[in-house]
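On a predicted model such as this, the values are computed, not experimentally measured, just so you know. Both counts, for ligands and for their atoms, begin at 1 and track the order of listing. The basis for the numbers below is simple: all heavy atoms, side chains too, and nothing from hydrogens, waters or symmetry mates.
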Amino acid sequence: MKFFIDTANLEQIKEAQALGVLDGVTTNPSLMAKEGITGKANILKHYQDICALVEGDVSAEVIATDYATMISEGEELAALHPQIVVKLPMIKDGIKACKYFSDKGIRTNVTLVFSAGQALLAAKAGATYVSPFLGRLDDISTDGMHLISEIRLIYDNYNFSTQILSASVRNTMHVINCAKIGSDVMTGPLSAISGLLKHPLTDSGLAQFLADYQKGN
Ligand code: E4P
């Protein structure tokens, strides 16, 4: 399973990259705003800065909601850097734009997916990635992980090449359950990745090993 970090924070991206397990980055307009990145020129430069830090795919989201503007905005984003994946909202014009980009060989990530039907449409439109938001489903007392299983089953039934990018991952159990189901990618905060390191028996076991070594050395 590929690990993407879901942030526009350059320090956190660097930290995940330094761990050696990072496969890409996802951003969205809220994450960019959280870092204080505003204005078109700054936003485009920030995507380039992120691409310079990592080797994998970097999702950059269009702001437009109509087909024509999505196409021009997406083409501009894709031209920024070969690592850029154009992120499109799961709305009618987003699906039309996804088909357009797919036919042109421009990679896409269909975002804000909350149902199996939406994921099926995204795959039919040739999306490179589909982003089901499992944490936000959990937030409204719906089983987000069940959606990931449904999409896995449907995609496997028809050998769709669209990759399931489990998004809105909030914790380590989300990561582990995504891996058990066979999600192709997960995207979450740095804490969901670094949290996988932790186990109290690792800490106490290491402390014992080092103490025993010190006794004889
Ligand atoms: C995905 O691409 C989104 O940026 C993200 O995972 C949303 O996560 P949130 O629900 O924690 O905001």
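Close contacts between ligand 1 and N28 involve ligand atoms 3 (C), 4 (O) [criterion: under 4.0 Å to a heavy atom].
Between T142 and F114, every side-chain heavy-atom pair lies at or beyond the 4.5 Å cut-off. Side-chain contact between F3 and L196: present, with at least one pair of heavy atoms (C-beta onward) separated by less than 4.5 Å. Residues K87 and V58 fail the side-chain proximity criterion, which asks for heavy atoms closer than 4.5 Å.
Distances from atom 12 (O) of ligand 1 to the heavy atoms of R170, R136, E61 put R136 nearest. Looking at L112, D6, T111, it is D6 that brings a heavy atom closest to atom 7 (C) of ligand 1. Checking G188, S59, A167 against atom 1 (C) of ligand 1, the nearest heavy atom belongs to A167.
The nearest heavy-atom contact from the protein to atom 2 (O) of ligand 1 is K87 NZ, 2.6 Å. From the protein, the heavy atom lying nearest to atom 8 (O) of ligand 1 is S168 CA, 3.3 Å.
For D6 and R170, the salt-bridge test fails: no basic side-chain N is under 4.0 Å from an acidic carboxylate O. Remark: D139 does not engage R136 in a salt bridge, criterion side-chain N to carboxylate O under 4.0 Å.
Below 3.5 Å of separation, one finds no N or O of T187 facing any N or O of ligand 1.
Within the structure, salt bridge (Lys or Arg N to Asp or Glu O under 4.0 Å) contacts touching residues 18-41 (residues at least two apart or in different chains) are K40-E76.
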